[in-house]
Amino acid sequence: MVGPPALPSSWTRLSPDFCRRDAREVAPELLGWIFCADSGSPEGRSGLPRGRSGLPRGRSGLPRGRIVEVEAYVQDGDAASHSHNGPTPRNGVMFGEPGRLYVYFTYGMHWCANVVCGEQGSGEAVLIRAVRPLAGLQSIRERRPRARRDRDLTNGPAKFCQAFEVDGDANGSDLCGTGPFSLWSDGARPERIDVSPRIGISRAVELPWRWFDPDDENVSR
DNA sequence: TAAAAGATCCCCT
DNA sequence: GGGGATCTTTTAT
């Protein structure tokens, strides 16, 4: 039994300090980072973690994707944010340590994932809206049977979670430590970054807190 | 206790 | 471009 390929040592791992800033500052900087469906830790490699589908997250099926679209959500003055009215059972992770994964369930069937940002207690996060698959394409396709074209595999926040099997079990997990998912940078940055209002919200619709790579076909719009 | 809305996706026209 | 699916969370009564 052979584990997945070791993550290149030149990569930089996400740190709590990187996230301990205003989500609107962190969000555009997360474009180009690589979301990995394992912790990158020795335990994560040898453990071959499996999701609910039973498909292995490790070995050659290990999905990895480069973030190409994000949105920032903060507490103050952001009526569209889950954290806007203070902590609740659902959004508690948003008020916790930066560098954690905030996963929520919506529309009765979809999961969405955020990177917690800001100081503890600030209630900020960056929604991962889309990634470009880099590895594990076969397992991604298996988890996204409804996608007709490859560009539909991960070009939306819930599609991304489906493809990487991010669900409520991962809520609060540590992206910087031994959690089931991790974030890394190989130094690559998008050539261009565009900004626009956020998508799919009905309040605070004017705030320009969505950032994306306009040259990537995996952005949701 | 009830009701409404929701950081979406998919299929149909 | 429009509407249905589907159910949890939150807010209002």
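Please read these numbers as outputs of a predicted model, since none were measured by experiment. Atom set for the values below is all heavy atoms of this structure, side chains included, hydrogens, waters and symmetry mates excluded. Labels below follow one simple rule: chain letters A, B, ... track the order of the sequence lines, proteins then strands, and each chain is numbered from 1.
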Q: Please identify each residue that fulfils salt bridge (Lys or Arg N to Asp or Glu O under 4.0 Å) with A/Glu124, with sequence neighbours left out.
A: none

Q | Partners meeting salt bridge (Lys or Arg N to Asp or Glu O under 4.0 Å) with A/Arg189 (sequence neighbours left out) | A | none

Q: Tell me the partner of C/dA5, counting only Watson-Crick (N1-N3 plus N6-O4 or O6-N4) or G-U wobble (N1-O2 and O6-N3) with both under 3.5 Å; none if nothing fits.
A: B/dT8

Q: Heavy atoms under 4.0 Å is the rule here; annotate nucleotides 3-13 of chain B 5' to 3' with B where the base is hit, S where only the sugar-phosphate is, and - elsewhere.
A: ---BBBSSS--

(Q) Salt bridge or not between A/Asp152 and A/Arg146? Use side-chain N to carboxylate O under 4.0 Å. (A) no

Q | Whether over 12 other heavy atoms sit under 6.0 Å from A/Gln138 CD | A | no

Q: Starting at atom CG of A/Asn171, determine the distance to atom C1' of C/dT9, rounded to an integer number of angstrom.
A: 14 Å

Q.
Whether A/Asn85 contacts C/dT10 is assessed here as follows: a side-chain N or O lying under 4.0 Å from the phosphate OP1 or OP2. Is that the case?
A. no

Q. At what distance, to the nearest 0.5 angstrom, does CD1 of A/Ile67 lie from OG1 of A/Thr154?
A. 11.0 Å

